[in-house]
Number of protein chains: 2
Amino acid sequence: MANKSIIKTLIDNNLKVTPQRIAILEVIRTIENHPSAEKISEYLRLTHPNISLGTIYKTLDTFFKKGIIHKIHNDNDFLRYDAITKKHHHLYSSESERIEDYVDEKLNEIIEKYFEIIVIPGFTIEDIKLQIIGKFTDKK
Amino acid sequence: MANKSIIKTLIDNNLKVTPQRIAILEVIRTIENHPSAEKISEYLRLTHPNISLGTIYKTLDTFFKKGIIHKIHNDNDFLRYDAITKKHHHLYSSESERIEDYVDEKLNEIIEKYFEIIVIPGFTIEDIKLQIIGKFTDKK
DNA sequence: TTTGGTGCAAACTCTTTGCAGGGTC
DNA sequence: GACCCTGCAAAGAGTTTGCACCAAA
């Protein structure tokens with residue numbers, strides 16, 4: 001049952017296990033790729049017709065504060081959300097709203113190594129994210 | 001006169017040269033670092049007390065469409081603007097709203113070289129921007 | 001039973017739009 | 001003079017908040 005890991009996540013973060021939270025996290029983790037709050041609401045309308053948008057926003061904020069999900073931005077766009085799995089970057093379409101994850105251990109390693117040698121004066125790096133902008137050549 | 005290059009920019013882009021546009025571009029280019037529309041308005045209130053926020057938004061949009069400025073995002077924040085000079089990345093403070101440019105030709109080269117060899121399936125890269133998150137250790 | 005979550009609606013913030021008047025070329 | 005730009009105010013989109021009710025532990 002896929003719910004097991006969702007429930008575990010909630011418990012591990014001292015959050016009460018509610019149907020709403022399970023449903024929201026499920027959408028982000030398994031169904032929709034980088035959804036906006038609106039998009040999540042759209043999905044939930046089918047299975048949980050009366051989860052309010054307000055609850056979705058509050059829940060997303062709760063998840064974000066606990067580090068269960070990330071927020072991501074596009075350059076001409078609202079907020080979107082992202083289930084954290086492991087360090088990854090994002091591919092942004094220059095033509096549409098599409099955003100995909102991009103995982104590349106080797107690239108991470110190269111960048112990490114680079115910033116072990118190169119120091120940015122007056123700045124301590126905590127994290128680096130690449131925004132890779134371009135065109136998707138497959139259909140979706 | 002610093003205005004010369006601003007006026008040239010406007011003319012080169014087939015934009016009418018108005019005091020508002022000069023003032024707005026001047027703020028972005030020379031005075032304030034990555035301002036928001038609100039911040040720009042704040043500055044202009046001193047020298048041009050009756051430039052309306054609406055005009056600022058329209059002007060920024062015009063500049064953006066002409067490629068004169070960039071838009072940038074922070075993770076929990078509104079839009080901010082950036083005078084384009086050359087390819088650069090951004091340092092984001094994890095503690096405040098501060099954003100600084102980060103220019104690093106060598107890093108660009110390394111990344112470019114990397115993606116000459118590594119191809120992302122189904123995706124053609126047009127541009128890559130790094131979001132470097134961390135702490136500023138100098139005061140400002 | 002206690003604590004915290006949900007739903008709803010109203011409020012807020014940032015941004016966009018429409019239109020009449022004014023400035024630039 | 002033609003065209004485009006500006007200012008103002010109203011509208012819009014996405015998000016947040018307050019509060020009474022309800023569910024989870």
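Chain A is the first sequence line, chain B the second, and so forth, proteins listed ahead of strands; every chain is numbered from 1.
Side-chain polar atoms of H88(A) and D82(A) form a donor-acceptor pair below 3.5 angstrom. A side-chain N or O of S52(B) and one of T55(B) form a donor-acceptor pair less than 3.5 Å apart. If you check the side chains of R21(B) and T62(B), you find no donor sitting under 3.5 Å from an acceptor.
Of the candidate nucleotides dG7(D), dT15(C), dT6(C), dG7(D) has the atom nearest to the side chain of T55(B).
Pairing each heavy atom of I128(B) with each of K87(B), the nearest pair is O-NZ, 2.7 Å. Nearest heavy-atom pair across L44(B) and A23(B) is CD2-CB, 3.7 Å.
Side-chain N/O atoms of K16(B) and base N/O atoms of dG22(C) include no donor-acceptor pair closer than 3.5 Å. One donor-acceptor pair, N or O on each side, does fall under 3.5 Å between the base of dG7(D) and the side chain of K58(B).
Nucleotide dC8(C) holds its C1' atom 14 Å from the CD1 atom of I51(A), rounded to whole Å. Atom CG of L15(B) and atom P of dG23(C) are 19 Å apart (whole Å). For the pair D61(B) CG and dC14(C) P, the interatomic distance rounds to 18 Å; values are reported in whole Å. In this entry the distance linking CZ of F63(A) with C1' of dG5(C) reads 11 Å, nearest Å. Rounded to whole angstrom, the span from the CG atom of N14(B) across to the C1' atom of dC5(D) amounts to 15 Å. Atom P of nucleotide dG14(D) and atom CD of E97(A) are separated by 10 Å, given to the nearest angstrom. The interatomic distance linking L53(B) (CG) with dT13(C) (C1') rounds to 11 Å, in whole Å. Per the geometry, OH belonging to Y81(B) stands 12 Å off P belonging to dC14(C), to the nearest Å.
Geometric assessment of R98(A) against the ring of Y92(A) yields a negative cation-pi assignment under the 6.0 Å and 45° thresholds.
Taking side-chain N and O atoms only, Q20(A) has no distance below 4.0 Å to OP1 or OP2 of dA23(D). Considering only side-chain N and O atoms, T59(A) lies under 4.0 angstrom from the phosphate OP1 or OP2 of dT6(C). For Y57(B) and dT15(C), the shortest distance from a side-chain N or O to OP1 or OP2 is below 4.0 Å. OP1 or OP2 of dT6(D) sits under 4.0 Å from a side-chain N or O of T18(B).
Within residues 39-46 of chain A, no residue places a heavy atom under 4.0 Å from DNA chain C.
If V17(B) and E38(B) are placed on DNA chain C by their nearest nucleotide, the residue sitting closer to the 5' end is E38(B).
When side chains are defined from C-beta on, K39(B) does not count as touching R80(B), because their heavy atoms never get closer than 4.5 Å.
Backbone-only engagement by N50(A) is indicated by non-hydrogen atom pairs under 4.0 Å involving sugar-phosphate atoms exclusively.
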